[in-house]
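Shown next, in structure tokens, is the structure this report addresses.
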Amino acid sequence: MTHGNRLKELLLTAYSDENLNPSTDGSHSIIFSRQRMEEQQNSVNVSEILLQGFTGGVGTIFIAVVLGIFILLTIIGNVFVIFAIATEKNLKGLANWLILSLAVADLMVATLVLPLRAYNEVNQQIWSLGPELRMMWT
């Protein structure tokens, strides 16, 4: 028995007739059963479940505070890295130039992108800052 025939035989025994339908040219394709399709249609996004408890005043404030703290820590941490590399003579090596450029890029993300993303998240994906700013942000 050749390798190809043995592989087809293994595939046939591994999958039931319900899931494996041979085509006319002898190749095989796996087809999901009706039950699997229904399970996929009935599945729920985890973030939808988690955000149901956070809708309303207290949840929105909590999310806004957490995102604000995250943004501030990102800005402060990158400013410290930039300041340390700029002021210390023994940190002016070639490898630290890469770290400096990464810190500058991360600082730009933290100041330009993250606040708008946090605004969008707190307002539950409702954008009211105008279409021009939305086009620039996306």
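- For the atom pair M136 CE and L112 CG, the distance stands at 8.0 Å (nearest 0.5 Å).
- Between L73 atom CG and N78 atom CG the span is 11.0 Å, to the nearest 0.5 Å.
- Note: the hydrophobic cluster containing L102 does not contain M108 (ILVMFWY, side chain heavy atoms under 4.5 Å, direct or indirect links).
- Considering all non-hydrogen atoms of both residues, L91 and A84 come closest at CD1-O, 3.5 Å.
- To the nearest 0.5 Å, the span separating CD1 on I69 from CD1 on I76 amounts to 10.5 Å.
- Between I63 atom CD1 and N123 atom CG the span is 11.0 Å, to the nearest 0.5 Å.
- Taking OG1 from T60 and CD from Q124, the interatomic distance works out to 5.5 Å, rounded to the nearest 0.5 Å.
- The nearest pair of heavy atoms linking W137 to V113 is NE1-O, 3.4 Å.
- Residues I61 and F70 are members of separate hydrophobic clusters, defined by side-chain heavy-atom contacts under 4.5 angstrom among Ile, Leu, Val, Met, Phe, Trp and Tyr.
- Both V109 and I71 belong to a single network of hydrophobic side chains, linked directly or stepwise wherever heavy atoms of I, L, V, M, F, W or Y lie under 4.5 Å apart.
- Nearest heavy atom pair, residue P115 against residue A110, reads CD-O, 3.3 Å.
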* Begin with the C-alpha distance, continue with both residues' side-chain angles, and end with the deciding distance and a verdict on side chain to side chain contact (heavy atoms under 4.5 Å, CB included) for L133 and L116. => CA-CA 9 Å; L133 188 57; L116 294 174; 4.2 Å; yes

* Go through the steps to decide whether K92 and I85 satisfy the test side chain to side chain contact (heavy atoms under 4.5 Å, CB included), and finish with yes or no. => CA-CA 6 Å; K92 298 214 184 231; I85 293 175; 5.7 Å; no

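- Around CH2 of W127, the count of heavy atoms belonging to other residues, nucleotides or ligands within 6.0 Å exceeds 12.
- In the hydrophobic clustering of ILVMFWY residues, with side-chain heavy atoms under 4.5 Å counting as a link, V104 and I99 come out together.
- Closest of all the heavy-atom pairs between A103 and V81 is CB-CG1, 3.8 Å.
- By the rule that hydrophobic residues join a cluster once side-chain heavy atoms approach within less than 4.5 Å of another member, V66 and I75 end up as members of separate clusters.
- Between atom CZ of residue F83 and atom CG of residue L100 there is a gap of 13.0 Å, rounded to the nearest 0.5 Å.
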* To do: Carefully, step by step, assess R134 and L129 under the rule side chain to side chain contact (heavy atoms under 4.5 Å, CB included).
  => CA-CA 7 Å; R134 175 139 182 127; L129 297 177; over 6 Å; no

